[in-house]
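Below is one structure, written out as structure tokens, with a few remarks after it.
Because only heavy atoms are used, hydrogens play no part in the values below, and waters and symmetry mates are left out as well, while side chains stay in. Chain A is the first sequence line, chain B the second, and so forth, proteins listed ahead of strands; every chain is numbered from 1.
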There are 2 protein chains.
Amino acid sequence: MIEVIQDARKHLDAVTLLTAAKERVPSIDRATVYRTIDLLKRLGLIDELDLMHLEGEKHFYEVKSRKDHIHLACFHCGRIEEFSAPLFERLKQEINQEARFRVRVARMEVGGTCSTCAEQATALEGEKGKSRAASSS
Amino acid sequence: MIEVIQDARKHLDAVTLLTAAKERVPSIDRATVYRTIDLLKRLGLIDELDLMHLEGEKHFYEVKSRKDHIHLACFHCGRIEEFSAPLFERLKQEINQEARFRVRVARMEVGGTCSTCAEQATALEGEKGKSRAASSS
DNA sequence: ATAACTGCAAATCTTTTGCTTACAG
DNA sequence: CTGTAAGCAAAAGATTTGCAGTTAT
């Protein structure tokens, strides 16, 4: 089961995970998937993500890596980027020290506009701008 | 409606929000609450939180403040602490620059052990073994 | 026999939607 | 009128639970 998550190229939600798992064990049930997810979560083997609820309220899962990364969710194209930063690690340390809070899991999710979509938007504005400029939203 | 969220001393989930709103407008319905939440979210007036799903899968809401803060959720006592750090702001800037990702909302949630619970755990360990060391408070 | 795991079905919880009425512009 | 907002009821989506049958210890 954790293999399924590991093998996945993208973040899986429970239903997709169920479908994927069925390819290996056709008889597998929803309940088993959820129970296993819960187990893996408690064991700290996987992380649970929300990905800014771009696709509804479901959760997504990924195998926990040594280095946490931030998920950047583009509101326009829905793509999820991952971003690692030393600053993030430092921030966690700071929380440990300044708030005296022992960090076990840290999740940072960001929503906004990815570079591709930003460029497209800029390009579009440019086209329209030929005829008429200056409409501040 | 946003007043209800503003007045709240703690983070509210939709059901609690509904109850609170009913005190002002008894006829109010779930649907209205959810529709309003959705509106306020889109207007960027409130932020949606998960608080590490300490209490199930519901979402919590708080009025958006100028300065984002990080939510620290204690797995032991369930308390939610807020933590602001310049480092967090810098991290967002870094995302803007290095990933060329235009950040609109950033959410960071941390799960772990708060200082109080950590002290209690230490105290317990101390009892089992040797004498306690001085603890800060 | 015991304990852990699984499938199946039903239940629960949270959020969304369709329809209808009320009301303001 | 016409479009927006609200109530109500039902639906939908995601996750959990109770129960019973299997399998390994």
*Sub-3.5 Å donor-acceptor pair from the side chain of D50(A) to the main-chain atoms of M52(A), do we have one?*
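Answer holds: no.
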
Atom pair distance, as rounded to whole Å: [atom1] in [X] and [atom2] in [N]:
| X | N | atom1 | atom2 | answer |
| --- | --- | --- | --- | --- |
| H53(A) | dG13(D) | NE2 | P | 17 Å |
| I37(B) | dT14(C) | CD1 | C1' | 11 Å |
| L18(A) | dG13(D) | CG | C1' | 14 Å |
| F60(A) | dG13(D) | CZ | C1' | 13 Å |
| R24(B) | dA6(D) | CZ | P | 15 Å |
| L17(A) | dT15(D) | CG | P | 11 Å |
| L39(B) | dT4(D) | CG | P | 13 Å |
| E55(B) | dT14(C) | CD | C1' | 14 Å |

_With a 4.0 Å limit, can you tell me whether S27(B) has a side-chain N or O closer than that to the phosphate oxygens OP1/OP2 of dG7(D)?_
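Result: yes.
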
_Under a 3.5 Å threshold, yes or no: a donor from one side chain and an acceptor from the other, between H71(B) and E109(B)?_
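There is no such pair (donor and acceptor under 3.5 Å, judged by atom type) between the side chains of H71(B) and E109(B).
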
*Could you write nucleotides 15-25 of chain C as a row of B, S and -, 5' to 3', where a protein heavy atom under 4.0 Å of any base atom gives B, of only sugar-phosphate atoms gives S, and otherwise -?*
BBBB-------

*Quick one: do K41(A) and D47(A) make a salt bridge, cutoff under 4.0 Å?*
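Salt bridge flag = no for D47(A) with K41(A).
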
*Presence of salt bridge, R107(A) and D68(A), under 4.0 angstrom*: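 Here D68(A) does not pair with R107(A) in a salt bridge, since their nearest N and O are not under 4.0 Å apart.
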
*Once you round to the nearest 0.5 Å, how far does CZ of R35(A) lie from CG of D29(A)?*
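Those atoms lie 7.5 Å apart.
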
*State the OG1-CD distance between T113(B) and Q120(B), to the nearest 0.5 angstrom.*
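Going from OG1 on T113(B) over to CD on Q120(B), the span is 11.0 Å.
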
